[in-house]
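What's counted below: heavy atoms across the whole structure, side chains too, no hydrogens, waters or symmetry copies.
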Amino acid sequence: MRKILFKSIIWSMLMVAAGCTADNPYADYYNDGSNWNNGGGMFNNVGSSTTEGDIATFDIMIDQNAEEPNTATQAYYPDAEDLLDNNTFSTQITIDMSNPVAKEEGGVKVIVNGGHVIADHGSQKGICYVVSGSTSNGSLTVLGEKKYEVILNGVSIHNPDSAALNLLSSKRAFVYVTDGTTNQLSDGTDGSHKGALYAKGKLLFYGSGKLQVEGHTNNGIHSADYIIFNKGNHIMVITTNNHGIKANDGIFVNGGVLNVEVSGAGAKGLNSESHIIINGGRTTVITTGKGSYDSETNEVKGAAGIKADSTLTINGGDVLLKSTGYGGKGISVDTDANFNGGNVYIVTTGGKYTSSSDSTSPKGIKVEGSININGGRIWVRTSGNGGEGIESKQEINISGGDVASYAYDDAINAKSTMTVSGGYVYAHGQHNDGLDANGNLYINGGVVYAICSGSPEVAIDANTEGGYKLYVTGGTIVAVGGLERGAQLSQSCFQTSSWTANAWYAMTVDGNTFSFLTPASGGQGMVVSGSTQPSLKQSVTVTGGDTCMGGIGVIDGRVSGGSSVSLSSYTNTGSGFGGGGWR
């Protein structure tokens, strides 16, 4: 049986992203995994379906020693002026926070009041502030009418009353963290400031030194404009009251290692009132706060690892998110979410949060608009009561990538149409459906492995009650628990009324073999489909090949042993085990 030690290799796995080959649906986005060695019954375990393995056991943790993965795509800058190389800051003003000195130098006026420093460069261009030293009761405030650079060169600033670094110029602030240095910024629990590090203008991070920001009053890092992180950055943000990183006009991650821990009620790790684009780097967010009630909007809001009020686009890099509080989400997006590459790993463990007759459920990915998955790897696990894996309030379109959702409730749910035309899709609903569309559900291509909890749920469910249907016109499909009754099957489907739990099966379609591990329990019967009539073997041994779907699928592995499974035609009409659109 296929066995690979998961825990010892998980972080190296997170660094690797494979390419895809459009002509071969068995050849993209693989990941090594282990078999699920779990006891259980045969089938039709009503109301519950469980399993073990990579998708059921992987975890998310902060690792400040982790290296940046080499999976970045082209960096994004809203303006060419955002690149440090396109700017010159030749006038250096040194500020020692251990012993600050009032002075006028290079067109800059430095005012000192105890440990608090105000530097005003007025209309002077090309100013670079080099900041070092330590203070436990101080701050640095920058004023000016022109863009500027702040070099953090081994500085530690704690301000118990307000922001530690207060960049009040509305122009671009380039914050360069000197290579080989450790820098700390923190605030206390008093004051009404917006962040321990606050920028009124655009906030652009460069350099590979270490920066730790702790926010205890409001946000950790906050820009009233947009924030850009770049390759080499190594930034840790901890907040106890509000968001980790907050931007009004966008957050763009081109690289770097970002670690964020937030514990406030309803707090977000990365929170943008506009777009979020991730092109590279390694972003890890852990939220532990429960939901919160917003008296202005009269609604409950949950914590989230990433929250975008506009679109979210992930093109590259590693994104690791964990939410443990009640009502917590991994990703929450108000418009569309686009997954084009990179690796996304999400765990939520909290249950539903209720306050003042309103509630919010935990979800791995929650999107008010459409979800478009074109590539990359997405693993989601939810274990708290009511936790859905991947949910769109509109459409879900999957054309590529490796998607694995192991959820307490529906694994992948669209409030409108769902279309799968490519990629590898594993959807396991522990207490509900695997794939669930409230509109039509189209499977035109790709490899789909869906598991439901047992009757009356089904593995692949469309909204028949609303006059919609499941349409199967292509793809390689395994459905433990059957298909929505009344589906239109342009591609022939076949069935076996029983299956063996915790066993490796191998299905060969037109010379290509997809091997998969069955759950400990799940829906009654198994439906399979492919471009030609599949051959199916059970209790096989699988070696080699490439794993996908969170470690429970193997593409073109070497299959030995086992026994053939007899298949009969599956019509999905008025008899049999096809389910029937229960919700």
Side-chain angles (χ1 to χ4, degrees), residues 1-2 4 18 20-36 51 53-55 377 379 398-406 411 420-428 434-435 443-451 459-460 472-481 483 491-496 499-500 502-519 522 525-565 567 570:
M1 198 64 70
R2 183 176 183 83
I4 297 176
C20 85
T21 305
D23 294 336
N24 182 356
Y26 291 86
D28 63 350
Y29 302 101
Y30 305 127
N31 196 19
D32 286 332
S34 63
N35 74 337
W36 295 354
T51 192
D54 297 359
I55 190 64
R377 180 183 297 121
W379 288 14
I398 303 174
S399 62
D402 183 3
V403 182
S405 177
Y406 179 53
V420 180
S421 58
Y424 301 91
V425 181
Y426 170 67
H428 186 162
L435 295 178
I443 300 179
N444 306 322
V447 180
V448 176
Y449 182 16
I451 302 169
I460 303 177
V472 176
T473 61
T476 299
I477 302 169
V478 177
V480 176
L483 310 177
Q491 176 174 281
S492 296
C493 295
F494 304 86
Q495 68 178 350
T496 174
W499 49 273
T500 302
N502 296 310
W504 279 96
Y505 278 61
M507 182 171 70
T508 301
V509 179
D510 197 23
N512 294 307
T513 299
F514 169 57
S515 301
F516 57 94
L517 188 64
T518 56
M526 178 189 297
V527 176
V528 297
S529 181
S531 57
T532 60
Q533 180 171 345
S535 63
L536 187 65
K537 296 183 71 176
Q538 65 179 344
S539 301
V540 299
T541 297
V542 185
T543 58
D546 296 293
T547 61
C548 60
M549 299 180 175
I552 54 82
V554 179
I555 307 302
D556 285 335
R558 293 183 296 276
V559 176
S560 60
S563 59
S564 296
V565 177
L567 297 173
Y570 178 76

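A distance-only check finds a donor-acceptor pair linking the side chain of Y449 to the backbone of L517 [under 3.5 Å]. Of the possible polar contacts, none joining the S399 side chain to the S421 backbone as a donor-acceptor pair under 3.5 Å is found. Counting only distance, with no hydrogens or angles, the side chain of T508 and the backbone of S535 share no donor-acceptor pair below 3.5 Å. Within the 3.5 Å criterion, the main-chain N or O of A411 finds a donor-acceptor partner in the side chain of S405.
For the pair A450 and I460, the tightest heavy-atom approach, listed with the atom from each and the gap, is CB-CG1, 3.7 Å. When all heavy atoms of G545 and V554 are compared, the pair lying nearest together is CA-CG1, 4.2 Å. Smallest separation of non-hydrogen atoms from C493 and V527: CB-CG1, 3.9 Å. Between I555 and Y424 the shortest heavy-atom distance is CD1-CE2, 3.6 Å. The nearest pair of heavy atoms linking I477 to M507 is O-CE, 3.8 Å. Of all the heavy atoms in V542 and G557, the pair that sits closest is CG1-CA, 4.2 Å.
Legend: residues meeting ring pair (Phe, Tyr, Trp, His ring centres under 6.0 Å) with Y505, ordered by chain and number and at least two apart, are F516. With sequence neighbours excluded, no residue satisfies ring pair (Phe, Tyr, Trp, His ring centres under 6.0 Å) with F494. Here S529 pairs with Q491 under the side chain to side chain donor-acceptor pair (under 3.5 Å) rule; sequence neighbours left out. Residues passing the side chain to side chain contact (heavy atoms under 4.5 Å, CB included) test with T532 are V509, D510, sequence neighbours excluded.
For the pair V425/L435, a side-chain contact is recorded, criterion being any heavy-atom separation below 4.5 Å from C-beta on. In this structure, the side chains of M526 and L536 come closer than 4.5 Å at one or more pairs of heavy atoms.
Among V447, V448, N512, V528, the one residue that satisfies the side-chain contact (heavy atoms from CB on, under 4.5 Å) test with T476 is V447.
Taking OH of Y426 as the reference point, atom OH of Y406 lies at 6.5 Å (rounded to 0.5 Å). If you take NE2 on H428 and CD1 on I552, they are separated by 9.5 Å, rounding to the nearest 0.5 Å. Distance check: N444 CG to T473 OG1 gives 3.5 Å after rounding to the nearest 0.5 Å. Note that OG of S515 is 11.5 Å distant from CZ of R558, once rounded to the nearest 0.5 Å.
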Test side-chain contact (heavy atoms from CB on, under 4.5 Å) on M549 and D402; report intermediate values, then the result. CA-CA 6 Å; M549 299 180 175; D402 183 3; 4.2 Å; yes
